[in-house]
J.: 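Handing you a structure now.
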Amino acid sequence: MIGKGLAYVDDQSAEQIASQKGAPGTPGNNSPFRERTAEENLRLFEEMKAGQCQEGERVLRAKIDMTHDNMLMRDPVIYRVKYVEHHRTGNDWVIYPMYDFAHGQSDSIERISHSLCSLEFENHRPLYNWFIQALDIYPSEQTEFARLNLNYTIMSKRKLLRLVEEGVVDGWDDPRMPTISGLRRRGYTPESIRVFADRVGVAKRNNTIDVSLLEWSLRDDLNRRAPRVMAVLNPIRLVVLNYPEGQTEMLTTVNNPEDEAAGAREIPFGRELWMEADDFRVDVNKKWFRLAPGRTVRLKSAYIVEYADHIEDEHGNVTEVHVNYIPNSRSGQDTSGVKPKGTLHWVAADQAEDAEVRLYDRLFREASPEADGDFMDALNPNSLEILKGCKVEPSLAHAQVGTVFQFTRLGYFTLDSKYSTPGSPVFNRAVTLKDGWKG
RNA sequence: UCCCCGAUGGUGUAAUGGUAACACACCGGUUUUUGGUGCCGUUUUUCCAGGUUCGAGUCCUGGUCGGGGAACCA
């Protein structure tokens with residue numbers, strides 16, 4: 001390009017070059033070094049390359065048009081000197097190309113026919129083409145499309161970096177991050193992400209996709225594939241008064257009602273169980289299907305139980321619920337004729353495994369965190385809730401990283417690849433189940 | 001001020017110039033031993049003004065609104 005008179009070395013400072021640039025609507029002025037001969041330019045460029053120039057002392061510029069309507073075409077910088085160590089060439093090479101100069105060439109070298117990028121590079125396309133023509137190389141073609149934006153989060157790598165650097169999140173793979181590693185740790189399957197991408201489509205206008213579409217994609221995939229298990233996140237005691245003390249029995253339950261091939265497994269039942277604190281309330285209305293004084297519910301895959309009594313601590317918190325079970329109401333062999341409205345999940349107290357469970361919520365309170373002011377101000381302070389002392393069914397002792405379970409009535413959960421250790425499992429909630437209850 | 005791009009329900013995405021549709025969301029009903037799933041249904045859409053045409057979301061002109069555009073950043 002220097003030989004063709006399409007590039008020249010400029011000795012001016014960055015400030016001087018900027019002041020000659022003009023403005024949108026106002027043409028720029030030529031550099032006083034613009035008309036150097038090819039020989040001189042070549043010699044000076046060799047000096048830059050040989051490390052004989054200070055940083056900022058000289059740059060190589062494309063000779064295009066300082067009055068061009070597109071600011072990017074006003075003699076953009078091609079190479080500048082930087083004395084930084086490169087991870088491959090070490091300190092041997094001290095001139096670094098600008099993005100616009102390198103972009104088309106890297107595409108061209110790889111014989112990329114269609115180079116796709118995001119909308120903000122539309123203004124760069126004329127320059128991309130100009131370089132390819134000036135260098136007379138394989139003509140890759142740049143086409144711009146809209147970036148996929150999601151509400152209640154941010155997608156910019158530079159902004160995400162701030163969350164990592166300022167310790168707001170656990171790292172790039174924090175399960176709240178909209179990164180591949182984050183989604184993976186969260187429990188998102190590759191299939192669900194592909195379906196999501198298909199549903200979103202591609203276009204050239206700015207968009208903001210509703211996160212609920214992402215969540216739906218995961219639920220849709222996992223509903224068909226995830227084994228169901230029982231886990232109690234906020235356990236309180238559930239005592240079956242009329243069940244013989246010391247007795248236990250094994251009950252059969254299907255692994256996935258959506259997939260017969262998934263088979264069945266056995267779960268232990270006994271007199272002392274754990275139930276979800278949220279599933280009992282003292283004062284209720286007719287919309288309440290769960291346990292309460294006077295109410296009857298089905299214990300999932302087990303028996304129908306009727307309320308008998310409950311115990312509260314000094315703060316009025318319910319710590320224990322007592323019920324009586326209906327012996328001939330056993331799941332699959334129910335001859336009781338009783339039709340309770342609600343079904344509760346539970347875990348046998350003496351055989352439950354302890355686990356930590358991490359509940360994730362959206363990272364930001366605002367649908368558009370960048371809308372007004374600093375996105376850091378829009379952070380959701382409750383995006384992570386850590387629950388300890390959760391009770392999970394015995395089969396979960398053998399859970400593997402990578403498999404996603406449905407905790408019955410709660411949502412989809414997977415073992416955390418970072419904090420989980422043998423003997424003290426940590427589960428991440430990938431997504432909740434859709435909750436139709438409007439209590 | 002100038003240049004580039006865009007505009008279809010709440011959110012996205014479709015529709016050789018020929019009946020505007022699909023998904024998510026929302027709301028309602030139904031089924032259900034997960035208030036999950038499934039099934040059925042309601043509501044809601046072509047930015048504006050002209051023009052071309054038998055006929056315009058689509059083509060033309062003008063406007064409005066939105067996004068992008070000054071780095072020795074990518």
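Chain identifiers are assigned alphabetically (A, B, ...) following the order of the sequence lines, protein sequences preceding nucleic acid strands; residue numbering begins at 1 within each chain. Nothing here was measured: the structure is a model prediction, and the numbers come from that model.
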J.: Are the side chain of A:Glu110 and the backbone of A:Asp107 linked by a donor-acceptor contact shorter than 3.5 Å?
T.: no
J.: Start with the C-alpha gap between A:Phe427 and A:Phe407, add the side-chain angles, then the distance that decides, and say whether ring-ring contact (aromatic ring centres under 6.0 Å, His included) holds.
T.: CA-CA 11 Å; A:Phe427 288 95; A:Phe407 286 4; 5.4 Å; yes
J.: If I take atom CH2 in residue A:Trp130 and atom P in nucleotide B:rC4, what distance separates them, rounded to the nearest angstrom?
T.: 21 Å
J.: Going by number, which of residues 220-237 of chain A have a non-hydrogen atom under 4.0 Å from RNA chain B?
T.: A:Asn223, A:Arg228
J.: Select one nucleotide: of B:rU34, B:rU33, B:rG35, the one nearest the side-chain heavy atoms of A:Arg298.
T.: B:rU33
J.: Between B:rA21 and B:rG9, how far apart are the two C1' atoms, rounded to whole Å?
T.: 11 Å
J.: Thinking salt bridges, do A:Glu353 and A:Lys391 make one under a 4.0 Å N-O criterion?
T.: no
J.: On a whole-Å scale, what distance lies between the C1' atoms belonging to B:rC48 and B:rC65?
T.: 10 Å
J.: With a 4.0 Å cut-off on heavy atoms, is A:Arg290 in touch with a base, just the backbone sugar-phosphate, or nothing at all?
T.: base
J.: With A:Asp10, which of A:Arg36, A:Lys63, A:Arg61 fulfils salt bridge (Lys or Arg N to Asp or Glu O under 4.0 Å)?
T.: A:Arg61
J.: Under 4.0 Å between any heavy atoms, over every strand shown, what does A:Glu144 touch: base, sugar-phosphate, or nothing? Just pick one.
T.: nothing
J.: Is A:Ser331 side chain donor-acceptor paired with the B:rU33 base, going by distance under 3.5 Å alone?
T.: yes
J.: Going by an N to O cut-off under 4.0 Å, is there a salt bridge joining A:Arg225 and A:Asp259?
T.: no
J.: Considering only side-chain heavy atoms of A:Leu213, which listed nucleotide, B:rU13, B:rA23, B:rG36, is closest?
T.: B:rA23
J.: Heavy atoms under 4.0 Å, any strand shown: does A:Arg330 hit a base, just sugar-phosphate, or nothing?
T.: base
J.: Distance check needed: B:rG36 C1' versus A:Phe413 CZ, whole Å only.
T.: 13 Å
J.: Any donor-acceptor pair under 3.5 Å between the side chain of A:Arg409 and the base of B:rU34?
T.: no
J.: Would you kindly give the CG-to-C1' distance between A:Asp210 and B:rG9, to the nearest whole Å?
T.: 14 Å
J.: State whether A:Asp221 and A:Arg194 are salt-bridged, where the test is any N-O pair (Lys NZ or Arg NE/NH1/NH2 against Asp/Glu carboxylate O) under 4.0 Å.
T.: no
J.: What is the distance, rounded to the nearest whole Å, between atom CD1 of A:Ile64 and atom P of B:rC3?
T.: 19 Å
J.: Keeping the roles fixed (side chain from A:Glu215, backbone from A:Ser212), state whether a donor-acceptor pair exists under 3.5 Å.
T.: no
J.: Below 4.0 angstrom, N of the basic side chain to O of the carboxylate: do A:Arg429 and A:Glu385 qualify?
T.: no
J.: Is the distance between the ring centroids of A:Tyr243 and A:Tyr325 under 6.0 Å?
T.: yes
J.: At 4.0 Å (heavy atoms only), tell me whether A:Pro126 reaches a base, stays on the sugar-phosphate, or touches nothing.
T.: nothing
J.: Check whether A:Trp288 forms a cation-pi arrangement with A:Arg290 (NZ or CZ under 6.0 Å from the six-membered ring centre, at most 45° off the ring normal).
T.: yes
J.: Starting at atom CG of A:Asp278, determine the distance to atom C1' of B:rG35, rounded to an integer number of angstrom.
T.: 13 Å
J.: Less than 6.0 angstrom separating the ring centers of A:Tyr412 and A:Tyr188, yes or no?
T.: no
J.: Using a heavy-atom cut-off of under 4.0 Å over every strand shown, decide if A:Thr408 touches base, sugar-phosphate, or nothing.
T.: base
J.: Using the P atom on both, measure B:rG68 against B:rG12 and round to a whole Å.
T.: 15 Å
J.: Which listed nucleotide (B:rU13, B:rG36, B:rU34) is nearest to the side chain of A:Gln406?
T.: B:rU34
J.: Could you tell me whether A:Gly342 contacts a base, only the sugar-phosphate backbone, or nothing, with contacts defined as non-hydrogen atoms closer than 4.0 Å?
T.: nothing
J.: Report, as a single string ordered 5' to 3', how protein heavy atoms within less than 4.0 Å touch nucleotides 67-74 of chain B: B base, S sugar-phosphate only, - not at all.
T.: SBBBSBBB
J.: Please measure how far the C1' atom in B:rC47 lies from the corresponding atom in B:rU43, and state the result in whole Å.
T.: 22 Å
J.: Under 4.0 Å, counting only non-hydrogen atoms across every strand here, what does A:Ser301 touch: a base, just sugar-phosphate, or nothing?
T.: base
